[in-house]
Amino acid sequence: MASSNGRVRVVDVCRITPSLDSPASAAELSLPLTFFDTFWIKFHPVERIFFYQLSDSTPALFDSVILPKLKHSLALALLHYLPLAGSLVWPPDADKPFIFYAPNNSAVSVTIAESDADFHHLAGNGIREAVESRSYIPELPVSDTTAAVISFQATLFPNQGFCIGVSSHHAILDGHSVTMFMKAWANLCKSQSEKEKKPSLSPEQVPIIDRTIIQDPEGISMVYLNNWLEIASRVDLGHNPRSLKLLSQPPKTNRVRGTFELSREDIKKLRQKVLLHYQFDNSMHLSTFVLSYAYVAVNVLKARGLERHRKVMFAIIADCRARLDPPLPANYFGNCVSIHTAEVEPEGLMQENGLFFAVERLSEKIKRLEKGALEGAKEKISTFMAIKPGSIEAIGTAGSPRFGVYSTDFGWGRPKKVEITSIDRSTGTISLAESRDGTGGVEVGVVLAKHEMEMFDSLFVNGLKDV
């Protein structure tokens, strides 16, 4: 297993404000949190890296062309996405935290850095030390009284390319919203390169930030806040349970990261294998997501040596925009996802045909979501609080093949790699994205201990040979 062993040097840290070309940026903005948002208020930031290969990316080109275009287009994009330039605050006289944007006092932090590491090593699919990605992720400032919404880092790899690291607060926006913003920013940047006089966003990239369209007649948001206050008082966050500091775990040490591909043909064969086992029962939900998740999860659990007395919990992050009544527009900007879990007995998963058990449970759960996206919502946090530590082996997903992250082109081509770095903060999360080549496959990110990764690699590759 190779290591890039590169040194990253921070050149500058700047603050980008929304473009002043419009009066919209000159007015204060206050946005409440919905119950979808407050659920995530103590979770760790979601961290991503977009790698762009560019062999002529000299320091001179980076400083005179790439950075100015990135900064200018970011200012234009923030004009449409003002909440990103604001902060999460919780004043003493407020019942709930909220997002606050003030003109001339709100901005997004952008770190500028340079690395002498091997770009192709970091942006490749090979197995490498997970900690190597950490130097390309910006800090998301969070204190007792205020929290940044998002931060960026642009890092140059001279004559190799550059990357953009993103750290976003999960209580403000979900993966769908982050991806929507990144595409909007990229579109405006690319429009500069194509010399459009008035760069504009496509309709699907114009965000709807009105939080009143999400109703909360049962007061779920306050239930969640009270749950978090109870948890915070237990862990004693500086004797201030209303602190906005996160309860997140630091990145796991001594872990390695690998990227694996499931081609469209692989997924087709997995589907046929499952259908054959269930005698072509077409009532099952055999989506690309279900098949990919089930196949990877079973191999991860086997590689980690799942103990047979511990139950397994599959965690599904469901986008509720189209599942609410009435449904929300696809360009609603904020959180609109909920966690749904499915428990599985370990004996079935550890068998040779464990894939079928995983697919069956995931299929059942997703079919129920179509009419019950908010089922048990009020008890979500308290239910998780009641789980005894070590009693359940949880495995979840981050990202989605539907996000289309590989279409995020700033004008220098599609990303060579998009990584969800923050999966290294948990022991049971895998990342999913569409295949870069656009052929309908799935790209899977996994972080494990080195010996577990070696086992997973073997199981993953050999398992596809048997399909």
Side-chain angles (χ1 to χ4, degrees), residues 1-4 6 46-53 117-137 157 160-161 163-166 175 179 251-252 255-267 270 288-289 291-301 303-304 395-408 413-464:
M1 179 182 62
S3 174
S4 66
V46 181
E47 299 157 327
R48 295 172 172 83
I49 306 176
F50 293 73
F51 291 94
Y52 294 90
Q53 184 174 342
D118 183 345
F119 173 89
H120 301 284
H121 167 79
L122 291 167
N125 287 354
I127 296 171
R128 59 178 174 83
E129 298 290 338
V131 71
E132 293 180 47
S133 295
R134 284 281 136 205
S135 298
Y136 307 96
I137 291 294
F157 299 79
Q160 299 180 84
C163 70
I164 298 175
V166 186
T179 305
K252 303 294 181 181
R255 295 290 189 271
V256 296
R257 178 186 302 275
T259 302
F260 300 83
E261 295 273 357
L262 283 169
S263 69
R264 185 174 184 176
E265 188 63 25
D266 291 332
I267 295 166
L270 287 171
T288 295
F289 170 79
L291 293 165
S292 303
Y293 185 5
Y295 182 72
V296 175
V298 168
N299 286 326
V300 165
L301 293 168
R304 290 172 56 184
I395 187 162
T397 63
S400 169
R402 293 185 176 183
F403 288 168
V405 292
Y406 280 102
S407 64
T408 313
R414 291 158 57 86
K416 179 178 175 62
K417 178 71 171 293
V418 180
E419 169 189 296
I420 300 185
T421 310
S422 47
I423 63 171
D424 67 355
R425 292 182 179 271
S426 66
T427 56
T429 303
I430 60 177
S431 66
L432 299 174
E434 80 281 10
S435 292
R436 184 183 185 277
D437 59 13
T439 57
V442 175
E443 185 177 281
V444 181
V446 181
V447 174
L448 295 167
K450 184 179 178 181
H451 70 280
E452 294 170 345
M453 185 67 81
E454 291 172 351
M455 175 64 73
F456 174 82
D457 190 4
S458 175
L459 290 168
F460 184 91
V461 173
N462 293 327
L464 293 176

Point to revise | Residue of the set I423, T427, V446, D424 for which side-chain contact (heavy atoms from CB on, under 4.5 Å) holds with R255 | key: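 For R255, the side-chain contact (heavy atoms from CB on, under 4.5 Å) check succeeds only for T427.
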Review point. Which residues pass the ring-ring contact (aromatic ring centres under 6.0 Å, His included) test with F403, sequence neighbours left out?
Key: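 Testing F403 for ring-ring contact (aromatic ring centres under 6.0 Å, His included), a comparison that skips the adjacent residues, returns none.
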Exercise for review: State which residues pass ring-ring contact (aromatic ring centres under 6.0 Å, His included) with F157; sequence neighbours excluded, sorted by chain then number.
Suggested key: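 Only F119, Y136 meet the ring-ring contact (aromatic ring centres under 6.0 Å, His included) criterion with F157.
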Would you indicate whether the side-chain heavy atoms of [Y] and [X] approach each other to under 4.5 Å?
| X | Y | answer |
| --- | --- | --- |
| L262 | L464 | yes |
| T421 | R257 | yes |
| T259 | K417 | yes |
| V461 | F260 | no |
| I267 | R264 | no |
| K416 | H120 | yes |
| T397 | T429 | no |
| T408 | V418 | no |

Give a yes or no on whether the backbone of [Y] and the side-chain of [X] come within a donor-acceptor separation of less than 3.5 Å.
| X | Y | answer |
| --- | --- | --- |
| S422 | E47 | yes |
| Y295 | F460 | yes |
| R414 | Y406 | yes |

Closest non-hydrogen atom pair between [X] and [Y], with its separation:
| X | Y | answer |
| --- | --- | --- |
| R425 | P251 | NH1-CD, 3.7 Å |
| A130 | V447 | CB-CG1, 4.2 Å |
| C163 | I49 | CB-CG2, 3.8 Å |
| S292 | V442 | OG-CG2, 3.6 Å |
| V405 | P415 | O-CG, 4.0 Å |
| V256 | M453 | O-CE, 3.4 Å |

To the nearest 0.5 Å, tell me how far [X] [atom1] sits from [Y] [atom2].
| X | Y | atom1 | atom2 | answer |
| --- | --- | --- | --- | --- |
| F456 | L301 | CZ | CG | 10.5 Å |
| N125 | E443 | CG | CD | 5.5 Å |
| E265 | L270 | CD | CG | 10.5 Å |
| T288 | D266 | OG1 | CG | 11.5 Å |
| K450 | M455 | NZ | CE | 14.5 Å |
| L432 | Y293 | CG | OH | 9.0 Å |

**Study point:** Pairs satisfying side chain to side chain donor-acceptor pair (under 3.5 Å), at least one member in residues 432-441, at least two apart
**Key:**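 Non-adjacent pairs meeting side chain to side chain donor-acceptor pair (under 3.5 Å): E261-S435, D437-T439.
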**Study point:** Modelled atom types, side-chain donor and acceptor of S133 and R128, under 3.5 Å
**Key:** yes
